[in-house]
Amino acid sequence: MSNEERDLILIGDFSPEDCEDYLTRRLSRDGQPLITEPVRRIIAERSHGLPLYLDLSVMRYLELRRGGRQPQVTDFDHDFPALIARTLSDLTAEERHVLRSVSLLSAFSVHLATQVAGMDHDAPTLRLIERPFMRESSSGVWPLHIHDLIRSAIRNADDGSDDRWSQQDWQRAAERAFHALEAQWRQDLRHDRTALVGCLQQGLLLARDFRLDLGWLVDAAFQYVADSISEPLALPSVENTSMRGLQTSADALVETLSAIARRQHEHRARTASRLSAVLASGLLPDELVELATYYLAKAQRDLGLTDDSRQGMQRVASAGGRLAFAAGRGLAHLSRLSGDFPAAMDAAGRLGWEGRHHRVLGDVWWVQGDMDRAAAAYLAARSEAEQHGMAGETAMSQAHLAFAVAFTDPRRADDELDLADQMLSRLSLRSTEMTARIAALVRDAGYAADLPDRAAVLLAEIGVSGISYAAAKLHLTLCFHHAVLGAQDELEAGIARLRELTRSGDYAYYVEIAHFMADLPLPAETARARWIDGEQRTRERWRNIVTTHRERFGDDRGNTSNGLYLVQPNFFVARGTKSLTKRRSFL
């Protein structure tokens, strides 16, 4: 059969005329349709315009001809379930056994199919994959698959055969498939993330649909979240697939991982609501309660619910489980956002790699205005993440490195932002993407006329995400822009907005930093942070960053020693040429 014949047509329902035309053209000999008119008519009538029915009927027509007889109208005078039953009857007993087994999986290999079927030889699988309803793809972990509609029909077909499966047969097959997936995952010495996601995705659905114990899924779930990438799993949440709600631990784990994966694409309030509902169900085993509690606390922190977040992080840290160090990092972040920098530094010293200690230190140093130490810490964090093969952590550290460097070395920031962009293009890390985009604004502060407009676009996106800290960080960047320009009125308005955003006390030190940038006295009512080197030294560093940034772009405007002239916002022209080079904007 040609590749063209093997391709399924997956467009909308056909009209009767479309069905006739398709069947006429699909199989022909010497320009004449191979399928006789009466057979074409009954196939079209029974298909109800469903392209998959037409395609499967054509495949069966060919199978019958290969068997040595001319297909008749009676061979196709049945609806879709009966067509599946007839297709099953054309197979050998062993082939039917394999087909039923792999109908539990969305994708598989010959080896996996044989394992799921519980056989010790591949021959039935090898014969089965030559059947026209099998599909092969070079993408994904496993190359073979069956159309979802066929899979569903096989699992529900009343084929009337002597070897038809009982419910217990299906349950046993599901258990075999579940353990076969575990073997595939545990034997993957490369720790390939695609293999992890493939095994986890299929294993979760088997556990949910057949009420299996979670077993290896617990370990796989923790590996899935370990690098904070959280690419979406193709797992419909319980509320979208059933009105029954959460009933089993598998239901609860599916919903937990779905919420974690979707948090990069949903408002954090939605994430918090979903995880709260899972915890309230009481269906997760204790070690997975830790997982849901930690990510709920992260969402609460992003929403500005600091007290709730701190309580959750403390519970996870005190339990001493797999996420204890991550929760310790969360507590260090909470100390930092309250302005208690010595406490955050002290916590960082106990975190080690598992708690991402270098990134925590970088987060403390940049707010002190010590960008050299911050950049060194983020660079160490990136190197450590690379050594551990953690792509998500590497990208996060790189974006933060670009942010710190942007304050003091805009030219280097170009390169760091290019690298961050390359890393993030392969991942789904929304908050880190925002950090990179804010870094681009920092780099352009004081000279890009369109910077406030770009900031407004990003601020709207931040509002959709519910990541409150990013809004405060963005407004601090705008204050930096106004301070570099010496735009006093705009700076005062920016400080007022910052004061409003940080009224809860979280990130209130941003108001102090904004005053330091312009060397303004602090109003008496301003909350004071616990600065590492004291307030005066921190003030001097921030003021020096602003004046140096202003002088640098003053040189770019009037001094040709660097070979660049500013000709319009975001564009430079090299001396002696007419070519323009555009700065990256991440917008």
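Computed from heavy atoms alone, side chains included, the values below leave out hydrogens, waters and symmetry copies. Heads up: numbering here begins at 1 and tracks the sequence.
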Kindly compute the distance separating CG (L478) from CD (E490), expressed to the nearest 0.5 Å.
11.0 Å
N/O donor-acceptor pair under 3.5 Å between R193 side chain and Y224 backbone
yes
Rounded to the nearest 0.5 angstrom, the CZ-CD1 distance for R268 and I467 is 4.0 Å
Can you tell me if R443 uses its side chain to pair, donor with acceptor, with the backbone of L417 under 3.5 Å?
no
Is any side-chain N of the basic residue among R412 and D409 closer than 4.0 Å to the acidic one's carboxylate O?
no
Apply salt bridge (charged side-chain N to carboxylate O under 4.0 Å, His left out) to R541 and D533, showing your working.
CA-CA 11 Å; R541 280 196 291 257; D533 297 327; 3.0 Å; yes
Using modelled atom types only, decide if a donor and an acceptor are shared between the side chain of Q368 and the backbone of V364 within a distance under 3.5 Å.
yes
Does the ring center of H549 lie less than 6.0 Å from the ring center of F480?
yes
With a 4.0 Å cut-off, would you call R274 and E266 a salt bridge?
yes
Any side-chain to backbone donor/acceptor pair from H388 onto M390? Under 3.5 Å, distance only.
no
Would you mind checking if E540 and R537 are paired as a salt bridge, meaning a charged N to carboxylate O distance below 4.0 Å?
yes
Taking atom types as modelled, is there a side-chain donor on E384 or H357 under 3.5 Å from an acceptor on the other?
yes
Point-to-point distance, once rounded to the nearest 0.5 Å, from CZ of R310 to CZ of R315:
13.0 Å
Could you tell me whether a side-chain N or O of E290 sits under 3.5 Å from a main-chain N or O of L323, the two making a donor and an acceptor?
yes
Electrostatic pair E512:R539 at N-O distance under 4.0 angstrom
no
As an exercise, state the distance from OG of S276 to CD of Q300, rounded to the nearest 0.5 Å.
6.0 Å
For the backbone of A344 and the side chain of S335, can you confirm whether one donor and one acceptor N or O come within less than 3.5 Å of each other?
no
Who pairs with W366 by ring pair (Phe, Tyr, Trp, His ring centres under 6.0 Å), at least two apart in sequence or on another chain?
F403
Would you mind telling me which of T502, L522, L501, L476 makes a side chain to side chain contact (heavy atoms under 4.5 Å, CB included) with V511?
T502
Any Lys/Arg nitrogen of D519 or R543 sitting under 4.0 Å from an Asp/Glu carboxylate oxygen of the other?
no
When you check the gap from the basic side-chain N to the acidic O, do D346 and R350 get nearer than 4.0 Å?
yes
Output for pair (R329 CZ, D363 CG), nearest 0.5 Å, gives 10.0 Å
Under 3.5 Å: donor-acceptor pair, side chain of S465, backbone of I462:
yes
Note: E433-R437 ion pair, threshold 4.0 Å (strictly below):
no
salt_bridge(D308, R301) N-O dist < 4.0 Å:
no
With ring-ring contact (aromatic ring centres under 6.0 Å, His included) as the test, pick out the partner of F516 among W531, W542, Y509.
W531
Identify whether NZ of Lys or CZ of Arg in R356 sits under 6.0 Å from the centre of the six-membered ring of W353 and within 45° of that ring's axis.
yes
Can you tell me how far apart CD1 (I513) and CG (L498) are? Round to the nearest 0.5 Å.
9.5 Å
Going by heavy atoms in the side chains, are Y378 and S383 under 4.5 Å from each other?
no
Can you check whether A269's main-chain N or O pairs, donor with acceptor, with S273's side chain at less than 3.5 Å?
no
Got a donor-acceptor contact below 3.5 angstrom from the H481 side chain to the T477 backbone?
no
Can you confirm if the aromatic rings of W365 and F341 lie within a centre distance of less than 6.0 Å?
no
Should L296 and L279 count as side-chain neighbours, where that means a heavy-atom distance under 4.5 Å?
yes
No-hydrogen, no-angle side-chain donor-acceptor test under 3.5 Å, R262 and H265
no
Under a 4.5 Å cut-off applied to non-hydrogen side-chain atoms, are L491 and M517 in contact?
no
